[in-house]
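Below is one structure; the comments refer to it alone.
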Amino acid sequence: MKPPRISDERLIELNAVEKWFGPVKVLDKVDFHVHRGEVVVLIGPSGSGKTTLLRCINHLESVQAGQVRVNGALIGYRERRGKLVADRERDIAFQRREVGMVFQRFNLFPHMTALENITLAPLRLRGVPKAKAEEDARALLARVGLPDKADAYPAQLSGGQQQRVAIARALAMQPAVMLFDEPTSALDPEMVGEVLTVMQDLAKSGMTMVIVTHEMGFARQVSDRVVVMAEGRVVEAAAPDQLFANPQHPKTRALLSAVLH
């Protein structure tokens with residue numbers, strides 16, 4: 001019998017996390033977890049804290065209170081005499097290798113080919129030999145449906161193709177989890193499907209994923225759990241069929257009413 005895709009192990013765990021931008025409280029005592037192998041989709045209105053939560057997972061944003069752990073390791077801080085102190089940037093960079101992130105804007109280096117964009121981090125951060133890094137990069141380009149684009153520069157690629165290269169670049173570091181911050185929001189409608197197809201294949205492969213998206217059909221089809229955020233808090237979380245068919249929280253009902261009708 002095949003083992004279950006989702007394990008009991010919590011790969012990501014946020015406990016009572018708070019984040020402020022000046023006087024604005026963006027995350028308000030957020031408790032959030034993701035099991036290894038699970039696909040979690042974050043939905044909510046603009047300004048609800050979804051992107052900030054993602055950025056706190058790999059310490060692109062620091063938290064003012066609470067704890068963030070990935071693979072059991074405290075992110076961004078270490079404990080000293082019972083108190084949390086900021087970790088060294090070198091250690092934070094090492095921890096980030098566990099977390100791949102794909103942004104709304106593709107953030108590819110324009111002066112590098114697709115192959116060079118993908119191999120850069122494995123070469124510099126993991127010390128992978130160049131021949132091996134290029135072999136792996138070509139395999140990843142094939143995996144995202146772009147086997148013939150190794151020598152293309154970003155300006156020669158469509159938005160959907162650039163985003164697929166960005167996904168391949170994140171996968172090249174062999175992360176434990178992939179974070180996606182509205183990966184299709186900057187794309188023309190006809191390009192959305194090609195990116196979502198790649199993400200569906202990743203989900204089927206057992207990759208742990210946290211996805212911020214407004215694509216509700218995709219959320220319903222791919223996720224194991226949908227988490228709803230509003231005003232910096234998690235207000236509801238449930239399996240997609242349950243949440244979309246019978247939302248419990250008034251803010252969830254208001255959100256779904258706005259986006260589905």
Exercise. So, do Val235 and Met229 sit near enough that their side-chain heavy atoms are less than 4.5 Å apart?
Worked result: no

What side-chain donor-acceptor pairs closer than 3.5 Å can you find for residues 11-19, not counting sequence neighbours?
residue, atom, partner, partner atom, Å
Glu13, OE2, Arg10, NH1, 2.9
Glu18, OE2, Lys29, NZ, 2.9
Lys19, NZ, Ser62, O, 2.9

Exercise. Checking Asp224 side chain against Val39 main chain: does a donor-acceptor pair fall under 3.5 Å?
Worked result: yes

Considering only distance and modelled atom types, tabulate donor-acceptor pairs under 3.5 Å from the side chains of residues 135-157, sequence neighbours left out.
residue, atom, partner, partner atom, Å
Asp136, OD1, Lys132, NZ, 3.1
Arg143, NH2, Ser205, OG, 3.4
Gln156, OE1, Tyr153, N, 2.8

Side-chain atoms of residues 169-185: list all donor-acceptor pairs with protein atoms under 3.5 Å, sequence neighbours left out, distances to 0.1 Å.
residue, atom, partner, partner atom, Å
Arg169, NH1, Asn107, O, 2.9
Arg169, NH2, Phe106, O, 3.1
Arg169, NH2, Asn107, O, 3.3
Asp181, OD1, Thr51, OG1, 2.8
Asp181, OD2, Thr51, OG1, 3.4
Ser185, OG, Gln104, OE1, 3.3
Ser185, OG, Glu182, O, 3.1

For this session: Using the rule that two of Ile, Leu, Val, Met, Phe, Trp, Tyr join whenever any of their side-chain heavy atoms come within less than 4.5 Å, decide whether Val26 and Ile75 are in one cluster.
Result: no

Problem set entry | Any donor-acceptor N/O pair, Asp28 side chain to Arg233 backbone, under 3.5 Å | no

Problem set entry | Side chain proximity check, Lys130 to Thr119, heavy atoms < 4.5 angstrom | no

Exercise. Which heavy atom of Phe109 sits nearest a heavy atom of Asn117, and at what distance?
Worked result: N-OD1, 2.8 Å

For this session: Please confirm whether the backbone N or O of Thr113 pairs with a side-chain atom of Glu116, one donor and one acceptor, at under 3.5 Å?
Result: yes

Exercise. What pair of heavy atoms forms the shortest contact from Cys56 to Val63, and how long is it?
Worked result: SG-CG1, 3.7 Å

For this session: Before giving the answer on side chain to side chain contact (heavy atoms under 4.5 Å, CB included), spell out for His249 and Val228 the whole-Å C-alpha distance, their side-chain angles and the decisive distance to 0.1 Å.
Result: CA-CA 9 Å; His249 197 281; Val228 185; over 6 Å; no

For this session: Check whether any side-chain heavy atom of Val41 lies under 4.5 Å from a side-chain heavy atom of Val222, and answer yes or no.
Result: no

For this session: Report yes or no: do Val192 and Val259 belong to one cluster of Ile/Leu/Val/Met/Phe/Trp/Tyr joined by side chain heavy-atom distances under 4.5 Å?
Result: yes

Problem set entry | Nearest non-hydrogen partners of Ile6 and Gly37, listed with the distance | CG1-O, 3.7 Å

Problem set entry | Ile43 vs Val227 side-chain heavy atoms within contact, under 4.5 Å | no

Exercise. Quick one: does Lys50's side chain have a donor or acceptor within less than 3.5 Å of a partner on Pro45's backbone?
Worked result: yes

Exercise. Is the closest side-chain heavy-atom distance between Pro240 and Leu243 below 4.5 Å?
Worked result: no

Problem set entry | Arg164 side chain to Gln162 side chain, donor-acceptor N/O pair below 3.5 angstrom | no

Problem set entry | Pair Lys25 + Glu231, salt bridge at N-O below 4.0 Å | no

Exercise. Quick one: does Leu74's side chain get under 4.5 Å of Gln67's, heavy atoms only?
Worked result: yes

Exercise. Under a 4.5 Å side-chain heavy-atom rule over Ile, Leu, Val, Met, Phe, Trp and Tyr, are Met101 and Leu120 clustered together?
Worked result: no

Problem set entry | Check against side chain to side chain contact (heavy atoms under 4.5 Å, CB included), Leu60 and Phe103 | CA-CA 12 Å; Leu60 290 176; Phe103 300 87; 4.0 Å; yes

For this session: First locate atom CG of Leu256, then atom CD of Glu236, and finally report the distance between them rounded to the nearest 0.5 Å.
Result: 8.5 Å

Exercise. Distance-only, no hydrogens or angles: does the Thr252 side chain make a donor-acceptor pair with backbone N or O of Gln248 under 3.5 Å?
Worked result: no

Exercise. Under 3.5 Å, side chain of Gln161 to main-chain N/O of Ser158, donor-acceptor pair present?
Worked result: yes

Problem set entry | Within-4.5 Å side-chain heavy-atom neighbours: Val40 and Met209 | no

For this session: Assess whether atom CZ of Arg253 is packed by more than 12 heavy atoms of other residues, nucleotides or ligands within 6.0 Å.
Result: yes

Exercise. Under 3.5 Å, side chain of Glu61 to main-chain N/O of Arg55, donor-acceptor pair present?
Worked result: no

Problem set entry | Polar side-chain atom of Arg97 near backbone of Leu125 as donor-acceptor pair, under 3.5 Å | yes

For this session: Find out whether Leu27 and Trp20 are in side-chain contact, i.e. whether some heavy atom of one side chain is under 4.5 Å from a heavy atom of the other.
Result: no

